[in-house]
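Below you'll find the structure, written out as C-alpha cells, and then a few comments.
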Amino acid sequence: MILIKSLFKQNRGWILGYSLGTSAYLFFLAAIFPSIQETGLIEAKLESLPPELLEVFKIDAGMTMDNILNLLSGNYYGLIFYVLAILFALTFASKLMAKPIDTGEVMLYMAAPISRVTYVVASLVILLIASGLFVGLNGVSLMLANLLFDLEIDLGVLWLLQLNGGLILLVLGTFAYIIASLFDDSTKSYMVTGVVFTLFLMANIVSGFSEQFDWMSTISVFSLFDASAIIQNDSILRSFVWLLGLLLAFMILSFVRFTRKDLTI
Amino acid sequence: MIRIQGLTKRFDEKHGIFDVSLEVLPGTIFGFIGPNGAGKSTTIRHLMGLLHADEGSATVMGLDCWKETQSVKAKVGYLPGEINYPQDMTGEEIIRLSRHLHVTSAERERKLREVFPFDSKLKVRKMSKGMKQKLAIVTCFMKDAPVYILDEPTSGLDPLMQERLIEWLNAEKASGKAILMSSHHFPEMEKTCDRAALIRDGKIIIEEDMKELRRRSTKTYQIELRDELAATRLAEVMGDRDGLAVNVEVSSTEELNTMIRRLTEFDVVSLTSGTDELEHLFMQYYGEEK
C-alpha cells in the first residue's frame with residue numbers, strides 16, 4: 001500500500017493532467033454544443049468533407065448530429081482519443097518503468113524488502129487509477145454538462161464508451177510497460193513503442209480508405225474501440241473480450257519480463 | 001554473513017565478473033577495490049538481487065540473493081554508488097518513505113541526522129552531491145541491519161564528514177555488523193577494513209587481511225636536500241635522485257629507522273611521504289595491468 005501511495009504521489013501530476021485536461025475539453029465542447037446545433041453547420045460541414053477524411057476521424061456520414069455523443073464519436077472519440085491514449089500509455093510506461101530504470105530512481109524501492117512482483121502490481125494499480133480517473137472524469141464532466149445544459153445524453157452509452165476507452169488505455173499502457181521493460185535505455189523504449197503505436201494507428205486509418213484495406217483494422221488495437229458502433233448500439237462484446245484477453249496477456253508478460261530482468265542500476 | 005562463491009556473470013567475452021569469491025564475517029569490514037569497470041558494482045548488484053548470476057552463488061545470512069531477494073533486502077542496509085532519488089521529492093519525504101519501506105529505528109535516525117546534518121526540506125534536484133550522499137547515509141543506516149553493503153560511501157563528502165562516517169562504520173563493526181564496502185579512498189579503507197580484495201577485469205586479483213597487506217606493502221618518501229651534491233651523496237646510499245630530491249622506498253620498520261639515521265647526516269629541507277601504504281600496494285597491482 002505504501003508503494004502504491006508513494007508511486008501515485010510521484011505520478012499524480014501527469015495523471016491529473018490527462019484527466020482534468022480532457023474532461024475540461026469535453027465539458028466546454030458539450031457546453032457550446034446546443035449553440036453549434038442550432039446553426040446546423042455541423043451536418044453541412046460534414047457533408048462537404050471527403051468520405052476518406054470522415055473515415056480517418058471515424059465519423060459516420062449517416063449519423064445525425066442531434067446529440068453531443070454523436071458529435072463526440074467523430075470528434076473526441078476518434079483520432080483525438082487514439083493519439084491521447086498513445087501519449088497516455090507512453091507517459092505511464094516512461095514514468096513507472098523506462099525512466100526509473102534508466103536513471104536508477106527505482107533503486108529507492110528495489111533496495112527495500114519489496115519484490116519485483118509487488119512493484120509490477122503497484123505500477124498496474126497506478127495504471128488502473130490513472131485510466132479510471134481519465135475516463136471516469138470524462139464521463140462525469142459529460143454528465144455534469146448533461147445536467148446543466150439538458151443535452152439528453154444516453155448515460156448507458158456514455159459509460160459504455162468510457163469503459164471501452166478505459167480498457168484501451170489499460171491495454172496500451174500494459175503493452176508500453178512491457179516494451180519499456182525490454183530495454184535499459186528509455187529513449188530506445190520510447191522509440192520502439194512509438195513506432196508500434198503509430199503503425200497501429202496508421203493501420204486503423206488506412207483500413208477505412210477502401211474495402212481492399214479492410215483487413216488492416218484486424219492488426220490494430222484501435223479497431224477495438226469504435227465509438228460509432230457503441231452509439232449505434234452495435235454489439236461490442238467481441239471487442240471487450242479481445243481487450244480483456246490482451247490486457248490479461250500483457251499483464252502476465254509484464255510480470256514474467258520484469259521478474260527475470262537484469263537491472264544494471 | 002555475506003558469502004559469494006564462484007560468482008560469474010558474462011555480459012560478453014571480456015566484460016562481466018568471473019569466478020568471484022569472497023566472504024564477509026560478522027564484526028568485520030571488507031574492502032572491495034578496483035579500477036572503474038572492474039566489476040565491483042556488478043558484484044554488489046548480485047547481492048542486491050538486481051542481477052542473476054550465470055554461475056556461482058551469492059548469499060546473505062544463508063539466504064540466496066536472487067531467489068530470496070525480499071528476505072535478503074530486509075536484512076541489508078544498502079548505500080548505492082550513484083544517488084538517484086526521485087528529483088521532485090524532498091529529503092524529508094525520502095526519509096519518511098524509507099521509514100515505511102524499511103524497519104527503521106527512530107533513535108538511530110535522530111543520531112544520524114545529528115552526525116550528518118543537511119537541509120532535509122530541499123528537493124533532491126536542489127541538493128549538492130555531498131547533501132545527497134548524507135541523505136543516502138541517513139536512509140541506509142537508520143535501518144538497524146545486520147549487514148551493510150556500501151558502494152563508495154565517502155564519495156562527495158567533505159573531510160569532516162568522511163571522518164565521521166569512518167567513526168560510524170567502526171562503531172557498527174564493533175557492534176557485530178558485517179560490512180562490504182567498495183571504495184577508491186585508500187585512507188578510509190586503511191582506517192576501517194579488516195580484509196580487502198582487489199578486483200580487475202572481473203577477477204579477484206588479491207584478497208588478504210589488511211595486516212598482511214600492510215606488511216607486504218612499501219612506502220615511498222621524498223627527501224628534498226639543500227644542494228645537488230648532497231642529493232647525489234644520499235642517492236649513492238639509498239633511493240633515486242630526482243633533481244634536489246631523492247625518492248626512497250621503505251618496506252619495513254627496520255628500513256625506515258635506517259633511513260632516519262642516515263638522514264641525520266644531511267641538511268634536509270623537507271620530507272614528504274608518497275602514496276599511502278595500501279594505495280601503493282594496490283597501485284602496484286593496477287600497474288601490472290598496463
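All heavy atoms count here, side chains included; hydrogens, waters and symmetry mates do not. Proteins come first, then strands; the chains are lettered A, B, ... in the order of their sequence lines, and each starts at number 1.
- Contact count versus chain A (heavy atoms, under 4.5 Å) is highest, among B/Leu50, B/Leu101, B/Thr42, for B/Leu50.
- If you look at A/Phe175 and A/Phe197, their ring centroids are closer than 6.0 Å.
- Other residues, nucleotides and ligands contribute over 12 non-hydrogen atoms within 6.0 Å of the CD atom of B/Glu92.
- Chain A forms the most heavy-atom pairs under 4.5 Å with one residue out of B/Ala136, B/Ser98, B/Pro86, B/Ala74, and that residue is B/Pro86.
- With a 4.5 Å cut-off on non-hydrogen atoms, B/Lys9 touches chain A through its side chain but not through its backbone.
- Of the atoms belonging to A/Met107, it is side-chain heavy atoms, and not backbone ones, that fall under 4.5 Å from chain B.
- Across B/His100, B/Arg45, B/His102, the residue that shares the most heavy-atom pairs under 4.5 angstrom with chain A is B/Arg45.
- Below 30°, between 30° and 60°, or above 60°: for A/Phe134 and A/Tyr18 the angle between ring planes is below 30°, a parallel geometry.
- For chain A, the nearby parts of B/Gln87 are the backbone and the side chain; heavy atoms of each come within less than 4.5 Å.
- Between A/Phe225 and A/Tyr82, the ring planes are perpendicular. Angles over 60° get that label, and only those under 30° would be called parallel.
- Panel note: side chain B/Gln133, backbone B/Leu157; no donor-acceptor pair is recorded below 3.5 Å.
- In terms of non-hydrogen atom pairs under 4.5 Å with chain B, the most contact-rich of A/Thr264, A/Asp262, A/Leu108 is A/Asp262.
- Only the side chain of A/Arg116 comes within contact range of chain B, judged by heavy atoms closer than 4.5 Å.
- For a residue to count as touching a neighbouring chain, one of its non-hydrogen atoms must lie under 4.5 Å from one of that chain's; by this rule B/Ile149 does not touch chain A.
- In this structure, the portion of B/Tyr78 lying under 4.5 Å from any heavy atom of chain A is its side chain and not its backbone.
- Using cut-offs of 30° and 60° on the angle between ring planes, the pair A/Tyr119 and A/Phe258 is tilted.
- If you measure heavy-atom distances from B/Leu51 to chain A, the contacts under 4.5 Å come from both the backbone and the side chain.
- Counting non-hydrogen atoms of neighbouring residues, nucleotides and ligands closer than 6.0 angstrom, the NZ atom of A/Lys261 exceeds 12 such neighbours.
- Looking at A/Ser115, both its backbone and its side chain come within 4.5 Å of chain B, counting heavy atoms on both sides.
- Atom CH2 of A/Trp242 sits in a sparse spot, with 12 or fewer heavy atoms from other residues, nucleotides or ligands closer than 6.0 Å.
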